[in-house]
Amino acid sequence: MTQRVATTPGLFPLPDWAKERLSDLKGHQKGDLLSGDEGADIVAAYDEVRAEFVADQLDAGLDRVVEGQGRWDDMIAHPLTVSDAVETGGIVRYYDNNNFYRDPQVTAELSFSGDVAAELEAAADVLGGEAPLQATLPGPYSLADLATDEQYGDAETFLAAVAEFLAGEVEAFPDHETLFLLEPSLVENPPEDGLAAAASEAIDTVAAATDAEVVVHTYWGALDEKTYAHLMDADVDALGLDLVAGDRDDTVYNVQEYGTKDSVALGLIDGQNTLVEDPETVAERVEWFESQVPVSAFETTYLTSNTELFYLPENKYKAKIEALAAATEVLE
C-alpha cells in the first residue's frame with residue numbers, strides 16, 4: 001500500500017512582523033545581505049520565524065516538517081552566498097519570473113560552511129520529535145547553473161565541485177527523514193549533451209552523503225526526454241514532478257516511456273498562485289497521475305507544492321499546506 005506523505009519543498013514567506021523587524025535590523029542594500037555572522041537581534045528574529053514556521057506545519061498536519069528557510073535572501077543560491085569562497089555580484093533575474101537574486105561568484109575553492117546544518121539543528125530543537133524533519137537544498141545542477149564560476153574553469157569541473165560542497169554540508173545535517181534537492185534548472189536550462197550525465201552523477205554525490213530518502217524535485221514544467229532519462233540514472237528514491245504546469249501530459253509521457261523511481265513526489269498545488277486548492281482537488285490530481293502511469297503502487301507518494309511557497313502571502317501559504325495535509329486523509 002502506498003504511503004501518502006504531505007510535505008513541501010520549503011522556503012516560506014516571512015511573516016509581516018518579521019519583514020518589518022528585519023528591515024529595520026538589516027536594511028536593503030547589498031552589504032546588508034546575510035553573511036552567516038549576524039548580530040544577536042537578527043539571530044533572535046530568525047529564531048522566532050523558524051519557530052513560527054514549525055508551528056504552522058504542525059498545526060496544518062504535514063507529515064514532514066522543513067526549517068522554512070526564513071534566512072535565505074536568495075531562493076536557491078543561499079548555500080553559496082554565505083560561503084567565504086563566494087563574492088556577491090549584481091542582481092540577476094531568477095529564471096523568467098519577477099524575483100531576483102545576487103549573483104554568487106565563486107572565486108576560490110569551495111569549502112564547508114555548516115550554515116544550513118546549523119539551521120536544521122535549530123529546527124530539530126524546536127520540533128522536539130513531534131514530526132520527522134525534512135531537509136531542503138538546491139540541487140547541484142541548479143546551484144551551479146545559477147552561480148558564476150571564476151575558480152574551476154569548466155562547467156563539468158565546477159558542477160562536480162558544487163556537488164562535493166553540498167555533500168559536505170549534508171554530512172553535517174542532524175537526523176532527517178527526507179532530503180529534497182530542488183532542481184528547477186533541469187527544466188528551465190537543461191544540460192547540454194556533455195553535461196547531462198555529469199548532472200546525474202553530481203546528484204548521486206549529494207545523495208550518497210545521507211541515509212535519508214532523497215527526492216530530486218523539478219518544477220516549472222516537464223523535463224525533456226533526454227534529461228529525464230539521465231535523471232533516472234541517479235541513485236535517488238524519488239523524482240519530483242510538476243503537475244501544475246500546463247505540459248503535465250509530457251511529464252506523464254516521460255514516466256510511461258522511461259519509468260520512474262519506486263517513490264514519487266507530485267507538485268500538486270501552485271506555489272505561485274494565490275488560489276487555494278481544496279483537498280479533494282489535490283487528491284483527484286494524485287489519482288489522475290496514478291491512473292496514467294504503468295506503476296501498480298508507489299512505495300511513497302509525496303504530496304507537495306510544485307515550487308517553494310515564498311511567493312505567496314502568509315495566509316495563502318498556510319491555507320495551501322493545510323490543503324496538502326487534508327488531501328492525504330481524502331485519499332485514505
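A quick note: this is a predicted structure, and the numbers were derived from the prediction, not measured. Values reported hereafter were calculated over all heavy atoms of this structure, with side chains retained and with hydrogens, waters and symmetry mates removed.
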Yes or no on side chain to side chain contact (heavy atoms under 4.5 Å, CB included) for Val255 and Leu241, after CA distance, side-chain angles and deciding distance?
CA-CA 10 Å; Val255 177; Leu241 307 173; 3.8 Å; yes
Any luck finding a side-chain donor-acceptor pair between Glu308 and Trp72 under 3.5 Å?
no
For Glu213 and Thr178, which I'm curious about, is there any donor-acceptor pair between the side chains at under 3.5 Å?
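Side chains of Glu213 and Thr178: no pair found under 3.5 Å.
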Between [X] (side chain only) and [Y] (backbone N and O only), is there a donor and an acceptor less than 3.5 Å apart?
X: Lys261; Y: Val215; result: no
X: Asp235; Y: Asp204; result: no
X: Gln69; Y: Leu11; result: yes
X: Tyr101; Y: Leu146; result: yes
X: Glu177; Y: Leu133; result: no

CA sep, side-chain torsions, deciding dist, call: Ser113, Glu169, side chain to side chain donor-acceptor pair (under 3.5 Å):
CA-CA 7 Å; Ser113 77; Glu169 300 301 301; 3.2 Å; yes
Just say parallel, tilted or perpendicular for the rings of Phe289 and Phe298, cut-offs at 30° and 60°.
parallel
Classify the ring geometry between Tyr219 and His217 as parallel (under 30°), tilted (30 to 60°) or perpendicular (over 60°).
tilted
Measure across [X] and [Y] and return the closest heavy-atom pair with its distance rounded to 0.1 Å.
X: Val330; Y: Ala283; result: CG1-CB, 3.6 Å
X: Val54; Y: Val66; result: CG2-O, 4.4 Å
X: Asn189; Y: Tyr141; result: O-OH, 2.5 Å
X: Leu62; Y: Ala325; result: N-CB, 4.1 Å
X: Phe165; Y: Ser111; result: CE1-O, 3.4 Å
X: Thr304; Y: Pro9; result: OG1-CD, 3.1 Å

I need the single residue from Pro104, Pro138, Ser185 that forms a side-chain contact (heavy atoms from CB on, under 4.5 Å) with Leu143. Which is it?
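The single option meeting the side-chain contact (heavy atoms from CB on, under 4.5 Å) with Leu143 is Pro138.
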Would you give the length of the straight line joining atom [atom1] of [X] to atom [atom2] of [Y], rounded to the nearest 0.5 angstrom?
X: Glu87; Y: Asp103; atom1: CD; atom2: CG; result: 10.5 Å
X: Asp154; Y: Asp149; atom1: CG; atom2: CG; result: 8.0 Å
X: Leu120; Y: Asp115; atom1: CG; atom2: CG; result: 10.0 Å
X: Tyr228; Y: Glu257; atom1: OH; atom2: CD; result: 10.5 Å
X: Leu181; Y: Thr210; atom1: CG; atom2: OG1; result: 9.5 Å

Begin from the C-alpha positions of Thr81 and Asp73 and carry the test side chain to side chain contact (heavy atoms under 4.5 Å, CB included) through to its verdict.
CA-CA 9 Å; Thr81 61; Asp73 289 313; 6.0 Å; no
Flag side-chain contact, heavy atom, 4.5 Å: [X] against [Y]:
X: Arg71; Y: Val49; value: no
X: Val162; Y: Tyr152; value: no
X: Glu277; Y: Asp270; value: yes

Does the pair Arg285 and Thr281 meet the rule for a side chain to side chain contact (heavy atoms under 4.5 Å, CB included), with working shown?
CA-CA 6 Å; Arg285 290 173 179 174; Thr281 297; 3.7 Å; yes
Candidate pair Asp237 and Ser263, rule side chain to side chain donor-acceptor pair (under 3.5 Å), full reasoning:
CA-CA 6 Å; Asp237 298 281; Ser263 297; over 6 Å; no
Report the C-alpha distance between Leu312 and Lys320 in whole Å, list the side-chain angles of each, state the deciding distance to 0.1 Å, and finish with yes or no for side chain to side chain contact (heavy atoms under 4.5 Å, CB included).
CA-CA 10 Å; Leu312 299 171; Lys320 288 194 179 234; 3.6 Å; yes
Are Asp47 and Arg50 close enough for a salt bridge, meaning some N to O gap below 4.0 Å?
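Result for this pair is yes, salt bridge flagged.
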Can we say Glu314 and Lys318 salt-bridge, meaning some charged N sits less than 4.0 Å from an Asp/Glu carboxylate O?
yes
Evaluate the criterion side chain to side chain donor-acceptor pair (under 3.5 Å) for residue pair Glu183 and Thr218; output intermediate values, then yes/no.
CA-CA 5 Å; Glu183 284 283 16; Thr218 64; over 6 Å; no
